[in-house]
Amino acid sequence: MSYLPKPKIHHPQLPKNTLGLTRRDYEGSLSTLCAGCGHDSVSAALIQACFELDLPPHRVGKLSGIGCSSKTPTYFLGPAHGFNSVHGRMPSIASGAAAANRDLVYIGVSGDGDTASIGLGQFIHAIRRGVNMLYLVENNGTYGLTKGQFSATADVGSKSKAGKANPYTPIDLVQLALQMGAGFVARSFSGDKEQLVPLLKAAIAYPGFAFIDVISPCVTFNNHEASTKSYSHIRRHDRPVMAADFVPLAQEITAAYAPGDRHTVTLHDGSMLHLKKLAEDYDPYDRIGAMNYLQRHQADGSVLTGLLYLDAEPTEMHAMLGTDAAALNSLPHASLCPGAAQLDAINAALR
């Protein structure tokens, strides 16, 4: 497989994740795909997702079959393990690798030709087995490597670059994955990074078979007005089902400590929270004392917990204004509008 290494020089102030790695550490080689290929946007989204998940690159296994899509693993997570299998056989390789080493994170990248035709049986059996992996299809509805023949996901009536209409009903991989029992099923568009990155993060974190069908237009053979897999067609017909984001699973943080004690809690992001429970002899009825106590402990970074102040004789607005004890919407009309005579009497009193 042809590839070009990327320059290793980068800005020293690039943001780092909790592993101390920059986004550059998750990149691969320079892409040799056509300029504007949707697959390169998918690679960029994978790089961002793995960086934000703090995923150690050496704990990732990248797998692919044959096709333009199967070059993608070369373009992300260079330090990860990788295996480029034969056409349509990526799911078997992934199944075997997962069986042998369950500690790795497996990302399988395939295409519509690689999955929906020669690899269809492999695809559905990987779902049946529940292989713990992200199975990603870069779906452009065409065979780009062999000059633009229709693939099995091309919509009926969709036209090739030469103007020929596809007569066959397409295979919908999302519906197939749902029917076969996949636990995580999503579809996205390579040009929608805002949606795709959270989906990738959630799929990688999912403990089971996660499938994402990414519509990824082929700019050379299938990006024209008559194609239903073109940029313009997808942008006109894209209907997100929901606004979603990925929130990593985290365990509840609990704290148990005695009155008067100070307790430090380590939060999920690694920051520290210093709690100080009020002492049993603390007087919650002393407003000035409470203010002094708060400021004194705020200065040393403590977060006071407990009932800080209670006014034993509170004043309430209605009591201060002397309003009716009943709510206005419950008063009869005669009470709310006492009549012109009452208004005349009030006016006369003010003259």
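Throughout, numbering of the chain's residues begins at 1 and tracks the sequence.
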Verify same cluster id: [X], [Y] (apolar side-chain graph, 4.5 Å):
X      : Y      : answer
Ile204 : Val214 : yes
Ile215 : Leu136 : no
Ile118 : Phe211 : no
Leu104 : Phe76  : no
Tyr257 : Val303 : yes

Identify the two heavy atoms, one from [X] and one from [Y], that lie closest to each other, and give their separation to 0.1 Å.
X      : Y      : result
Ala203 : Leu134 : CB-CD1, 3.7 Å
Cys218 : Thr142 : CB-CG2, 3.8 Å
Ala98  : Val131 : CB-CG1, 4.0 Å
Ser70  : Ser64  : O-OG, 3.1 Å
Asp40  : Ser31  : OD1-OG, 2.8 Å
Ala290 : Leu308 : CB-O, 3.6 Å

Are any side-chain N or O atoms of [X] and backbone N or O atoms of [Y], one a donor and one an acceptor, separated by less than 3.5 Å?
X      : Y      : result
Ser302 : Leu304 : no
Tyr75  : Val42  : no
Lys62  : Pro73  : yes
Asn140 : Pro217 : no
Ser69  : Gly111 : yes
Thr115 : Gly119 : no
Thr74  : Lys71  : yes
Asn17  : Phe51  : yes

Considering only residues two or more places apart or on different chains, which pairs with a residue in [range] satisfy ring-ring contact (aromatic ring centres under 6.0 Å, His included)?
range            : value
residues 80-120  : none
residues 317-351 : none
residues 146-187 : Phe184-Tyr206

Task: Sequence-distant partners of His125, ring pair (Phe, Tyr, Trp, His ring centres under 6.0 Å), two or more places apart - done: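 Applying ring pair (Phe, Tyr, Trp, His ring centres under 6.0 Å) to His125 gives none.
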Task: Contacts of Phe209 that satisfy ring pair (Phe, Tyr, Trp, His ring centres under 6.0 Å) - sequence neighbours left out - done: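 Scan of Phe209 (ring pair (Phe, Tyr, Trp, His ring centres under 6.0 Å), adjacent residues dropped) gives Tyr135.
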Testing the 3.5 Å rule here: is there a donor-acceptor pair between the side chains of [X] and [Y]?
X      : Y      : answer
Ser216 : His39  : yes
Thr264 : His274 : yes
Gln175 : Gln179 : no
Asp54  : Thr18  : yes

Do the charged groups of [X] and [Y] touch, with an N to O distance under 4.0 Å?
X      : Y      : value
Arg236 : Glu225 : yes
Asp155 : Lys229 : yes
Asp261 : Lys277 : no
Asp172 : Arg187 : yes

Open item on the list: Checking Arg262 against Asp300 for the salt bridge (charged side-chain N to carboxylate O under 4.0 Å, His left out) test, could you report, in this order, the C-alpha distance in whole Å, the side-chain angles of both residues, the deciding distance, and whether it holds?
Closed with: CA-CA 11 Å; Arg262 178 181 166 119; Asp300 70 4; 3.7 Å; yes
Task: Residue pairs passing the salt bridge (charged side-chain N to carboxylate O under 4.0 Å, His left out) test where at least one lies in residues 92-115, sequence neighbours excluded - done: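 The answer is none; no pair qualifies.
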Task: Intermediate values then yes/no, side-chain hydrogen bond (donor to acceptor under 3.5 Å, both in side chains), Tyr143 and Asn222 - done: CA-CA 9 Å; Tyr143 286 91; Asn222 208 17; over 6 Å; no
Task: side-chain hydrogen bond (donor to acceptor under 3.5 Å, both in side chains), paired with Gln122, selected from Ser110, Ser92, Ser95 - done: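 Among Ser110, Ser92, Ser95, the one that satisfies the side-chain hydrogen bond (donor to acceptor under 3.5 Å, both in side chains) with Gln122 is Ser92.
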Open item on the list: I'd like to know whether CD of Gln13 has more than 12 heavy-atom contacts from other residues, nucleotides or ligands below 6.0 angstrom.
Closed with: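 Result for CD/Gln13: open.
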- [ ] Please say whether more than 12 non-hydrogen atoms of neighbouring residues, nucleotides or ligands are located less than 6.0 Å from CE in Met272.
- [x]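 For Met272, atom CE is crowded (more than 12 foreign heavy atoms under 6.0 Å).
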Task: Side-chain heavy atoms of Pro56 within contact of Leu19, under 4.5 Å - done: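 Pro56 reaches Leu19 side chain to side chain.
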Open item on the list: Using the rule given for side-chain contact (heavy atoms from CB on, under 4.5 Å), can you reason through Lys276 versus His263, listing the C-alpha separation, both sets of side-chain angles and the distance that settles it, and then say yes or no?
Closed with: CA-CA 6 Å; Lys276 169 81 175 181; His263 182 72; over 6 Å; no
Open item on the list: Which label fits His297 and Tyr293: parallel for a plane angle under 30°, tilted from 30 to 60°, or perpendicular past 60°?
Closed with: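 Judged by the thresholds at 30° and 60°, the geometry between His297 and Tyr293 is tilted.
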TODO: State which residue, out of Val86, Asn84, Leu63, fulfils the side chain to side chain contact (heavy atoms under 4.5 Å, CB included) condition with Ile93.
DONE: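 Only one of Val86, Asn84, Leu63 forms a side chain to side chain contact (heavy atoms under 4.5 Å, CB included) with Ile93, namely Leu63.
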TODO: For side-chain contact (heavy atoms from CB on, under 4.5 Å), just list the numbers for Leu200 and Phe246, CA-CA rounded to whole Å, side-chain angles, deciding distance to a tenth of an Å, and then say yes or no.
DONE: CA-CA 9 Å; Leu200 288 171; Phe246 173 69; over 6 Å; no
Open item on the list: Test side-chain contact (heavy atoms from CB on, under 4.5 Å) on Phe221 and Gln149; report intermediate values, then the result.
Closed with: CA-CA 9 Å; Phe221 294 107; Gln149 299 89 345; over 6 Å; no
